[in-house]
There are 2 protein chains.
Amino acid sequence: MSAAPKHDVYQAIADSSRREILILLAKDDASIKEICEHFSISRTAIVKHLNVLSEASLVSDRKVGRSKIYSLQPEQLAEVREWVSYFEQFWDNKLSMLRHMVEENVKE
Amino acid sequence: MSAAPKHDVYQAIADSSRREILILLAKDDASIKEICEHFSISRTAIVKHLNVLSEASLVSDRKVGRSKIYSLQPEQLAEVREWVSYFEQFWDNKLSMLRHMVEENVKE
DNA sequence: TAAACATAAAACCAAATGGTGTCATATCAA
DNA sequence: TTGATATGACACCATTTGGTTTTATGTTTA
């Protein structure tokens with residue numbers, strides 16, 4: 001569907017600032033300036049984090065006037081979800097059993 | 001429940017060698033030597049990865065004779081699963097809706 | 001006891017990471 | 001047109017990361 005991401009999604013979500021940015025964007029699209037207002041670090045640092053998220057295809061952006069608006073694009077998180085779910089059988093409980101059963105049935 | 005991990009779980013799973021080690025340990029406990037046999041990097045590098053996983057409480061170890069046996073301890077992955085699942089509502093489908101509904105009911 | 005084995009520990013290194021500050025460019029508004 | 005605003009682009013820095021090699025220690029086993 002798209003070029004191989006330079007930064008993989010695991011690396012992208014390894015940083016807590018980047019995870020916070022994703023949570024922010026889940027609530028609403030935001031410009032760089034708006035995102036910066038939620039953090040104490042410099043704009044340059046935020047932009048770097050946004051670039052990492054962008055390379056991992058976790059966000060998209062569009063230019064509007066002099067603003068650059070970022071949107072959440074969470075599809076790549078599915079890879080993480082699937083990787084983690086492999087391990088659920090080892091720490092398990094009724095809930096994850098049910099989830100596994102449901103997913104297996106749906107896939108068929 | 002336990003001391004705060006020095007390395008958090010997101011950082012621990014950010015590296016692909018460490019993810020592979022976890023997959024390996026999911027199949028069976030293994031000594032450092034056995035783990036090394038699955039990789040081309042040096043034993044020292046493997047030991048460092050194991051230390052990171054250990055600090056994140058994703059593995060435990062026990063000494064048996066001259067061997068050190070590592071075991072998977074996947075409970076901390078629940079944090080990642082929960083974080084990721086927050087985003088499912090933004091990309092997913094009937095399946096995640098069902099999952100969310102099921103979980104909400106179970107928790108009550 | 002001596003050789004072989006499995007791990008531990010330390011010193012070192014290049015590159016990546018997460019951060020900074022400064023200056024330039026484009027756009028909007030008065 | 002001019003000033004304020006929002007972003008882009010650099011250059012720089014300290015620390016961490018992922019890797020190496022070398023040397024030492026503890027444990028079997030022949």
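Each chain gets a letter, A, B and so on, in the order its sequence line appears, and its residues count up from 1.
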### Task
Give a yes or no on whether a donor-acceptor pair under 3.5 Å exists between the nucleobase atoms of dG8(D), that is its base, and the side chain of R66(A).
no

### Task
For R62(B) and S71(B), run side-chain contact (heavy atoms from CB on, under 4.5 Å): C-alpha distance rounded to whole Å, both residues' side-chain angles, the deciding distance at 0.1 Å, then the answer.
CA-CA 8 Å; R62(B) 60 186 190 279; S71(B) 304; 3.2 Å; yes

### Query
Roughly how many Å is it from CG in D15(A) to C1' in dT16(D), rounded to a whole number?
13 Å

### Summary
In whole angstroms, the gap separating P of dT17(D) from CG of N51(B) amounts to 13 Å

### Query
Given atom OH of Y70(A) and atom C1' of dG8(D), what is their separation to the nearest angstrom?
10 Å

### Query
When you check the phosphate oxygens OP1 and OP2 of dT20(D), does a side-chain N or O of S42(B) lie under 4.0 Å from one of them?
yes

### Message
Please find the pair of heavy atoms, one from A26(B) and one from Y86(A), that lie closest to each other, and give the distance.
### Response
CB-CE2, 4.0 Å

### Query
For DNA chain D, whose closest nucleotide is more 5', that of K63(A) or that of K48(A)?
K63(A)

### Task
Give me the first and last nucleotide of DNA chain C, going 5' to 3', that has any atom under 4.0 Å from a heavy atom of chain A.
dT17(C) to dC28(C)

### Task
Please state how far atom CD in E37(A) lies from atom P in dT5(D), giving the value in whole angstrom units.
12 Å

### Query
With sugar-phosphate meaning primed atoms plus P, OP1 and OP2, does S67(B) contact a base, only sugar-phosphate, or nothing at under 4.0 Å between heavy atoms?
sugar-phosphate

## Note on the structure
OG of S54(A) to CG of L50(A), rounded to nearest 0.5 Å, is 8.0 Å

### Task
Might you work through the side-chain contact (heavy atoms from CB on, under 4.5 Å) test for R18(A) and L22(A), ending with a clear yes or no?
CA-CA 6 Å; R18(A) 288 196 289 268; L22(A) 293 179; 5.8 Å; no

### Task
Take the protein atom CD1 of I32(A) and the nucleotide atom C1' of dT7(D), then report the distance between them rounded to whole Å.
6 Å

### Query
Taking CG from L53(B) and C1' from dG18(D), how many angstroms apart are they, rounded to a whole number?
13 Å

### Query
OP1, OP2 of dT16(D) versus side-chain N and O of Q11(B): anything below 4.0 Å?
no

### Query
Touch check for T44(B), heavy atoms < 4.0 angstrom, all strands: base, sugar-phosphate only, or nothing?
base

### Whole-Å distance separating the CG atom of D61(A) from the P atom of dA6(D)
17 Å

### Message
Output the rounded distance in Å from NZ (K33(A)) to P (dA6(D)).
### Response
4 Å

